[in-house]
Amino acid sequence: MNDIIVKTVARILIPFIQLYGIFIMLHGHVSPGGGFAGGAMIGTSFVLYTLVFGIDKSKKKFSERVSEYAESGGILLYIALGLIGIIMAGSFLTNIDAGFPKGTPGSMFSGGMIPLLMIGIGIKVASTFITLFHTLIEEEEA
Amino acid sequence: MSALLESVLDHINYLGAMALFVIGLHTVVTHSNLIKKIMGINIMGTAVFLFFVAIGNVTDGVPPIITGEDVIYINPLPSVLILTGIVVVVSITVYSLSLVVRIYETHGTVDQKEIARLNDEEAGL
Amino acid sequence: MMMKRVLTLVLFLSLFGLLAHNVMEMPGKFTVDAPAYNDTTQHYLDNAPSETGAINVVGAILADYRAFDTLGETIVLFTSIVAVASILKVTDKKTREESHDE
């Protein structure tokens, strides 16, 4: 797409979309939102980038190597947090009983492993959106 | 008559979900374009989500963010289940779209009747 | 052709009638007495802040009480990527050369 208005607006908007996505992702335990919503926002910002600037530039920002690491990393972070539960408390994905700090309910640092799990889910969902879109778009242009 | 109308208004969420479901099924059955079929499946999925979330509704309820005030919270369980379901529908959609891309590459069309005709011709040779 | 269209329309309208008749039997008043608002829900609403430390009950159920569900669902996402890549990304060298020749 070779339109200066679209390019400028996208360039201004994309950082704010991503920032808001991260905000939603990190506040999943105190406000509506969470890993799915935040990850979908970040993924959509990359979809917008791909639509405006083309697949080649987007591939430079989010290469297949990064996508491999993000996808495996998100799910491995989740499983690793579950294994901590097995070691500390004897059952998979234990939260407070496994020694995660509970904090004051309602504050930013609360909920034990819930924010960490939300980050894992968010990385996973975002990279899935981007990779699936890249795969479909690539095929069309080849 | 007014009793029936009142009952319909009480169940308007469920009825809307059923209407969406029938519209989606109609799209899947009557259109031979594969992309439109996928859209129909998506509409059916949305209908199921609406139905599920409507079950969890409570009149004058607030979202389940515990603030300590004396209010009625809506049922959080259907929302959680649907959050999972949305992602599954996205996966199914992308998988079927990729299948359609492959079909278009091999057959040159996304029309189901055309594909069946081409397959018949191939078998007849 | 016209006949067929009318027939499908009648069929789907009757299907809608059947479904509508069934959902009319569901509890219409959305109160806390509804069958879906059971002990499990009440337990989550009462104990989520003290048991998990998260005041967003949806987040608490998603990432604590039913975290195993969410793990399965991330695996669904992973599988979808693998499925799409296996269909669309032809890495076999022979197949790629053949498709270029066409």
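A note on names: the letters A, B, ... follow the listed sequences, proteins ahead of strands, and every chain is numbered from 1.
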Could you tell me which of [options] has the largest number of non-hydrogen atom pairs under 4.5 Å with chain C?
{"options": "Val22(B), Leu83(B), Ile23(B)", "value": "Val22(B)"}
{"options": "Leu25(B), Val29(B), Ile55(B), Leu99(B)", "value": "Leu25(B)"}
{"options": "Asp60(B), Thr67(B), Val80(B), Leu9(B)", "value": "Val80(B)"}

Please determine whether the number of non-hydrogen atoms from other residues, nucleotides or ligands lying under 6.0 Å from atom [atom1] of [X] exceeds 12.
{"X": "Phe16(C)", "atom1": "CZ", "result": "yes"}
{"X": "Tyr104(B)", "atom1": "OH", "result": "no"}
{"X": "Glu6(B)", "atom1": "CD", "result": "no"}

Once you round to the nearest 0.5 Å, how far does [atom1] of [X] lie from [atom2] of [Y]?
{"X": "Asn13(B)", "Y": "Met26(C)", "atom1": "CG", "atom2": "CE", "value": "10.5 Å"}
{"X": "Tyr14(B)", "Y": "Asn22(C)", "atom1": "OH", "atom2": "CG", "value": "13.5 Å"}
{"X": "His21(C)", "Y": "Leu15(B)", "atom1": "NE2", "atom2": "CG", "value": "12.0 Å"}
{"X": "His26(B)", "Y": "Leu13(C)", "atom1": "NE2", "atom2": "CG", "value": "8.5 Å"}

For [X] and [Y], work out which heavy atoms get closest and say how close.
{"X": "Leu88(C)", "Y": "Arg102(B)", "result": "O-NH2, 3.4 Å"}
{"X": "Asn75(B)", "Y": "Ala36(C)", "result": "ND2-O, 2.9 Å"}
{"X": "Phe30(C)", "Y": "Asn57(B)", "result": "CB-O, 3.4 Å"}

Ala17(B) versus chain C, the contacting section by heavy-atom distance below 4.5 Å | neither
What part of Ile72(B) gets closer than 4.5 Å to chain C, counting heavy atoms only: side chain, backbone, both or neither?
-> side chain
Residue-level interface, residues 90-98 of chain B with chain C, non-hydrogen cut-off under 4.5 Å = Ser91(B), Val94(B), Tyr95(B), Ser98(B)
Do you know which of Leu62(C), Ile55(C), Asn56(C), Thr79(C) has the most heavy-atom pairs under 4.5 Å to chain B?
-> Ile55(C)
Go through Leu15(C), Thr31(C), Leu45(C) and name the one with the most non-hydrogen pairs under 4.5 angstrom from chain B.
-> Leu45(C)
Name the region of [X], side chain, backbone, both or neither, that has any atom closer than 4.5 Å to a heavy atom of chain B.
{"X": "Pro27(C)", "answer": "backbone"}
{"X": "Tyr44(C)", "answer": "side chain"}
{"X": "Ala34(C)", "answer": "neither"}

Go through Leu18(C) and Met18(B) one step at a time and tell me if the side chain to side chain contact (heavy atoms under 4.5 Å, CB included) criterion holds.
-> CA-CA 10 Å; Leu18(C) 191 71; Met18(B) 290 308 127; over 6 Å; no
Can you give me every donor-acceptor pair (side chain of residues 3-11 of chain C, partner residue at least two apart or in another chain, under 3.5 Å) with its distance?
unit_1, atom_1, unit_2, atom_2, d
Thr8(C), OG1, Lys4(C), O, 2.8
Thr8(C), OG1, Arg5(C), O, 2.8

So Asp10(B) and Met24(C), side chain to side chain contact (heavy atoms under 4.5 Å, CB included) or not? Walk me through it.
-> CA-CA 9 Å; Asp10(B) 276 346; Met24(C) 292 296 263; over 6 Å; no
Dump the intermediate steps for side chain to side chain contact (heavy atoms under 4.5 Å, CB included) on Val87(B) and Val76(C), then the final yes or no.
-> CA-CA 8 Å; Val87(B) 173; Val76(C) 167; 5.6 Å; no
Ignoring hydrogens and geometry, is there a side-chain-to-backbone donor-acceptor pair from Asp69(C) to Thr84(B) under 3.5 Å?
-> no
Step by step, work out the side chain to side chain contact (heavy atoms under 4.5 Å, CB included) result for Ile65(B) and Val57(C).
-> CA-CA 6 Å; Ile65(B) 314 280; Val57(C) 182; over 6 Å; no
